[in-house]
Amino acid sequence: MSIHLVLFLFFGAVAVAGAINLLAQSHPINSALSLIAVMAALAGEFLLLGAEFVAAIQVIVYAGAIMVLFVFVIMLLNAGVEERTKGSRVAIMFGIPGMLMGSVLVAWAVLHSYGQDEVVAGALEGAPRDIATLLFREFLLPFEVTSILILIAIMGAVVLASKPQAVQKRKEH
Amino acid sequence: MVPLSYYLVLSAILFACGVTGFLIKRNVITIFMSIELMLNGVNLSFVAFAAKWHALSGQVFVFFVMVVAAAEAAVGLAIIIAIYRARETLNVDQMNLLKL
Amino acid sequence: MGTHALPIWLFIVVSAIKSAILLFVLLTAVAYTVWLERKVVGHMQNRWGPTRVGPFGLLQPAADGLKFLFKEDLTPPHVYKPLYIAAPMIAVIFALTSIAVIPFGNSVVIGRYTIPLQITDVNVGLLLILGITSIGVYGVALAGWSSNNKYSLLGGLRASAQMVSYEISLGLSLVGVLIMSGSFSLRHIVEAQQGHFWGFIPRWNIFQGQVVGFFVYLIAAYAETNRIPFDLPEAETELVAGYHTEYSAMKFAMFFMAEYANMITVACLASLLFLGGWNGPIPAWLPYPLHVILPVVYFVAKVFVFLFIYIWVRGTLPRFRYDQLMAFGWKFLLPVAICNLIATAVAVTW
Amino acid sequence: MRTLDHNILTLVTFVPLAGALLLVLLPRRDRDIRIFALVTSLLTFVLSLHLPVYFKRPLHLGTGFHYEVNSPWISSPTIHYHIGIDGISLWLVVLTTFLTPLCVLISWKSVHDRVKEFFILLLILETALIGVFVALDLFLFYFFWEATLIPMALLIGIFGHERKVYAAVKFFMYTMIASMFMLAAILWLYAHTGTFDFVEIQTQIRAGGVPNLSAAALWLFLGFFIAFAVKVPLFPFHTWLPDAHVEAPTAGSVLLAGVLLKMGTYGMLRFNLGLFPEQSRQNAPWIVVLALIGIIYGALVAMVQPNMKKLIAYSSVSHLGFVVLGIFSFTQAGLNGAMFVMLAHGVSTGALFMLAGVLHERRHTYEISEFGGLASPMPIYAASFLFIVLASVGLPLLNGFVGEFLVLSGAFQSRAIYGILGATGVIWSACYLLWMYQRVFYGKVTHAVNNSLLDLEGFEKAAVWPCALAALVMGVAPIIWLAAIDPTTHSALVPLAQMTAKVVGQ
Amino acid sequence: MITPLVAQVIPQAGEYVRILPELVLSLFGILIMLLDPLMDEQRGQKTLGLIGFIGTLAGLLATWYMSQSPGLAFSNSIQIDGFSAFFHVLVIAIAALVILSSYEYLAVQHIRAGEYYALILFGTVGMGLMSSAVELVLIFIALEISSISTYILAGFRRYQAASTESSLKYFLLGSFATAFFLYGVAMMFGATGSTNIDKISRYLQSNGVPLLVYIGTALMFVGLGFKLAAAPLHVWTPDVYEGAPAPVVGFMSTAPKAAAFAVLLRIVFAINEPAHFWPVWVAAALSMTIGNLGALVQTNVKRLLAYSSIAHAGYLLVAFAMTTPENWPNGIAAAMFYAAAYAAMNVGAFAVVGHFANAGEQYVTLEDYEGLGRSSPLLAAVLTIFLLSLIGIPITGGFFAKFYVFSAALRANLIWLTLIGVVNSAIGAYYYLRIIVVMYMREPRKQVPVSRVSFGVGTALAVCTFATIYLGIFPNRVLHYAQQSAQNVMPVHVAGSPTSTAEIPAIPRSRP
């Protein structure tokens, strides 16, 4: 077992454990923390794959920004322990077996397609400079278009989360 | 060295966990987190495939996915706040104003 | 990179030694920053500060530390225990981790090996620091939430909102520097600042037009570390110490340590990014050891200056109101940072 | 005159629609609207008279259709605005234009709510009906076929009586679903011949140039047949008809019985016979049986109806059975008779519905038991009614006789038992109609209200008497009509005759 | 002086022409956002709406200008051709109509205008890009733009829990679907090493179809199926449509769907992955059946139309089940025509529904429609036309739409699918008819106030009616255009496609 495989298995185990914990926990904040663990472990996997930049961004954006938002909202709404209401039995009955089948299918397809082909870790230097070049040439349009996406998101967040009274206030002015 | 398929299987497992979470969790926020988990699983696939094809573009996609995830998070959490204001609950089973 | 030359076992040993030294220095520095703060603020307010324990109160930090250690560790009954315990640890661990990628001097050549004065040099070092500090917010947020106390909760909420908001300005203010140096590696960034204009003005980024960026960074960094005038999350007068209301003894000490460690990290980063890091005048005729030691001294001196400014600001400025803080962050700091970024980009391109 | 010949069909078809559109713009002054509608429909009628008058002029000798217009409309799929008439459709068009002004007249007073909508719908309906008869492009045909549905359903649904909504929806769904089958068949034909043009498809089928036809022909035949059979309505599909008739306003009933039902028989004649002669022949036995059941069953049910309008409705089932019988007897006489019954039934049943409507106007009921001895308070009405009843029964020298006679002789030629069973229908119809007449008009006035009933008013006379006149003329000089019908039916039978010859030859 | 680096980065002016409509719409969106704080609510609603409307008109103009220079742009990530121009016109026109029909709705419901109009414009940008993108990543982002803006729009009646709930459901299921789509993109990328549709197509042609491509297509289909509300991924539709503001429903049941169909057309036909047949077949059959059966029992008009939109997605999907390449152009053209016709009638129907609904959307049940034929004859007549078109009665666009789809299916020998479709249209007739019946043939049991039709709604309705009738009487031009541009979607390697993507000249790019 090479050191890479050991590290892969370690991070992978953390990620899977985090994912399962996310499902098992009944309190949203615990789920959020396990999700952060998954993200951190994935950052590790990215490092193994030689994607240093992506790994760093993963930590900053996902763990540092998106999940903070989640935690913030959980705190803000003081969300309590999940109620075990009747749930959607149908979803559980058909969804989970279906999902299992789907993932087994994908896993089989993947193993079938690639078998033991190995990835040379670090074969691809995810240097920020190269990524930037790609981003500003080949993917210029998608990159620019994301600005609209973000604009919409900001606007939407403001519109939806601001108190409805704001409308009244505006009218009075 | 690690076989590519291991990464992909890991990514499939994470994606499947996300799907499961989406189906079985009752708290809106947790459901939303499950979606994020799915996206993370996809990201791993992208990076692994990028390594396979020696194409940096795979890593660039992750970048875009993150932006999208961030945008979704902003909007989604705003919606969740709005619904909490209106309904005082985060349980999806009680989001039942609109039923047959 | 010199480390390639090291055999793996030696590399591990050297790294361990470096880490140990650095940790020791850092913790000491944290302790004495506290002392310094009390002393300086005392003098500013026309009083003495700590004087009793040791000469000039120099042993006061040790006394405080002992007291924290031996005090009864209270856990209030209604807290959410796992997170209540984890929160201070998260805070302090991430505060201390970020020091790992900070270079504090040139490389040392010992025998055949070149050993950089830095625990590890990652080519995305700056991003890593940003990532780690951004995770640090969980410590505060979770502490506030798990305490099950409305003051703490408010403190935690404020902290997370504030840190997320100001992180954007912080990041943008750094992009200017990145554009100028073209690298995320802190060592490269420092090396890009070597040399002088007209023979006497050092080529530090702050003298290369990053003045605005520097001040934006400074302000955002104060907010990130929850220092006055941005210490809303722990505002004693309104929130009864905010997120750490319910903490005592060692757990409280951890938050304390985390805050000061963060201050030091921020100060290190500022001197690395804007003030040329360990660059400084080293006359060529000095003996070799000084070539190694002087840069470290320069670096420490710059960091000290920053810490002093921190304390100075604390002694001078009043606290913001929360809405002012948010408005300031979004409506002033962010646009300024963006303008700075654009100006830098234009200047570099043309 | 040539330009008029070219455009006369288009003109006749769309003048009512244009009138309807203008009506939309007219202010809601009921009187003006009525007059405008009357003028429009009369104008259409006058224009349509051009058709029979100049019918013989050889315009397009090749296809056997007159006044043909064929211009591309939609390029993909290739749909042409292809219209034209032959001996079959000629009189149906005229029948439509003849009945519409009468409908306007009979609705003069009985419709007093939402008058504007009523006449708009009526005129749109007229356009659609004429369109059905003149269309020679299958697509265009389907287009108009469906288009008749909506105004008719709305007329029933808005202006009808108590259970109007039920009746309207039932009517709509029955016809709609049935016509889906026809659409499927049309699409199949298009997919395999590349055209919607009736004439071209007919030519291709006769030349045997359509791939896979032999396998599909039966289904195609049935697809068309079901749509038409529901419309006719043939025996098991007839259940919508009584509901629709009873609930419809008078004008609706008149057009429904007078023209709409003919769309089905016209379709059978034109498409089932025209496109699938072989299948028609193969399936004729059971169709004829259904027709005979319709004749007898319709008559028997009509006899026991307590409701005058329902009675007339079932009589339609019976009469239309004659038409189907005539068509599927595959004899010259039978086909001529079927055509003539269509026209005669249109005129006389239309008039019957008008007369029933007159009574309903005064008493708001159709129950036969509510009346009795009406002959004394309403002599003119009684006389008109009698005349029409006799025409409907099939008294010689009136129009009913000619058609039924021809049909029965055709049926006899085809197979004697058909003729015999069909002939009983005539007897039954005499029974129920005359019995109904007796119960309503003879004897003493049983209900005091009926003593003060008004006799026919001017506009009612204007609506009913033209029908009576037409019935008389048709009975006396059927040759006027048959002269145009005969050649067409003759040519329609040619492929059948050839087929028989082939069978015999083998 | 521009340094070489910048010269490489900045695309040429010609390429900007190819995103001109998006640029114009974004600019107007930003303009609206900037002006919004300067105006009070009353003035804002009028002025901003007008600006939005002008923006869409300018967008249409820009589309015309754009269509004059077909070709690839931005490193082959978008392709301007007849196909994309068609969908550009379609979505922008829908946006224009929705803006018109929202004009007074916003005032009645007290909805802030600035964000509303801006979001519609931005959403349209996303949809426009979806139709022209040939790069999966760009498609993904454009899809997100259109989705997120509709999530937000769905929740615009914020003081009503139902609206927020609708927004939440839409959002959760939508993002869930997006994740599937993304996973599909990842699989595609993994299997072929590219995310460019053209390159993928070439790769598959020369290297055969790897296993992962099947999975990738299936996943993408799941993702897009959600957006299309195709069964069995339709469950969100009725709830979301019921809660969302009526004009927004008109918008989101047509424009994003049209764009998603455009994407699906490009993916399905250009990638030419052979296994899509059965999933499409099943989805089409299920959507038609479930949509129509579901609609039968509805009493809320919005829900009813929601189910109907599921059914219509099913009819449209029939056009995707073409198996052999020679049938594809028919299918594509039929789908395009259907999208256009459906847009005209559905936007119109929801404009009427929105107008009737009144403040707080309180009048949306069938019962409220009783006697509308009498109290507001013109509106009822217009709604009747739309409903008839939805049934598929001749002289309306809906008829030809169905007609083309079914005849294309028949020509491809999809007898059973056609049969299911035909039977379903018959079932469908019943519930549309119910609305007509209620409007005309029932006496009102309660007083439903109907406000006067304002200029905006009136214009929107007039345009929709005209379009519906026009498509029903003269479908020629639109269909012809669709047939021509259908060729653009055809993959490079299918023999006999005269104008394939390969022959569209890329704008030459000079690099110093």
Side-chain angles (χ1 to χ4, degrees), chain A residues 3 21 25-37 39-40 43-44 46-47 50-81 122 125-133 136 147 150 154 157-158 161, chain C residues 8 80 82-83 86-87 90 94 97-98 101 122-148 150 152-165 167-168 170-171 174-175 178-179 181-185 188 224 243 330:
Chain A
I3 180 101
N21 196 40
Q25 289 291 342
S26 64
H27 199 291
I29 205 137
N30 291 339
S31 298
L33 293 178
S34 6
L35 187 55
I36 296 168
M39 287 162 174
F46 292 163
L47 280 178
E52 293 175 359
F53 183 70
V54 174
I57 293 289
Q58 163 98 357
V59 174
I60 294 178
V61 175
Y62 261 128
I66 297 180
M67 288 317 292
V68 172
L69 269 186
F70 274 95
V71 173
F72 182 84
V73 170
I74 294 172
M75 284 163 55
L76 186 72
L77 305 184
N78 209 2
V81 173
E125 281 294 321
R129 183 179 291 273
D130 301 333
I131 289 185
T133 316
F136 284 103
S147 57
I150 292 169
I154 294 172
V158 171
Chain C
I8 184 82
Y80 185 65
L83 292 183
I90 293 174
F94 284 103
T97 316
S98 52
V101 290
V122 199
N123 74 1
V124 287
L126 185 56
L127 286 179
L128 216 60
I129 289 188
L130 283 179
I132 290 166
T133 47
S134 68
I135 290 184
V137 69
Y138 289 115
V140 180
L142 293 179
W145 182 79
S146 64
S147 295
N148 197 11
K150 58 185 162 209
S152 303
L153 181 65
L154 277 176
L157 277 175
R158 282 182 178 186
S160 40
Q162 171 179 337
M163 288 169 103
V164 169
S165 308
E167 191 158 339
I168 299 168
L170 184 84
L174 298 183
V175 177
L178 292 176
I179 290 177
S181 57
S183 170
F184 280 114
S185 160
H188 287 154
E224 282 288 291
Y243 61 87
W330 287 104

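Atoms considered below: every heavy atom in the structure, side chains included; atoms not considered: hydrogens, waters and symmetry mates. Every chain is numbered from 1 and lettered A, B, ... according to where its sequence line falls, protein lines coming before strand lines.
In this structure, S160(C) OG and I74(A) CD1 are separated by 11.0 Å, a value rounded to the nearest 0.5 Å. To the nearest 0.5 angstrom, H27(A) atom NE2 is 6.0 Å from Y80(C) atom OH.
For chain A, the nearby part of L83(C) is the side chain; its heavy atoms alone come within less than 4.5 Å. Proximity to chain C (any heavy atom under 4.5 Å) is shown, for V68(A), by both the backbone and the side chain. With a 4.5 Å cut-off on non-hydrogen atoms, A86(C) does not touch chain A at all.
Minimum interatomic distance between M75(A) and L157(C) (heavy atoms only, all atoms of both residues): CE-N, 3.6 Å. For the pair G64(A) and S134(C), the tightest heavy-atom approach, listed with the atom from each and the gap, is CA-OG, 3.5 Å. Between L127(C) and A56(A), the shortest heavy-atom distance links the atoms CB-CB, 3.6 Å.
Per-residue counts of heavy-atom pairs under 4.5 Å with chain C were compared for L69(A), V61(A), I57(A), L33(A); the largest is that of L33(A).
Looking at V137(C) and F72(A), their side chains never come closer than 4.5 Å, going by heavy atoms from C-beta outward.
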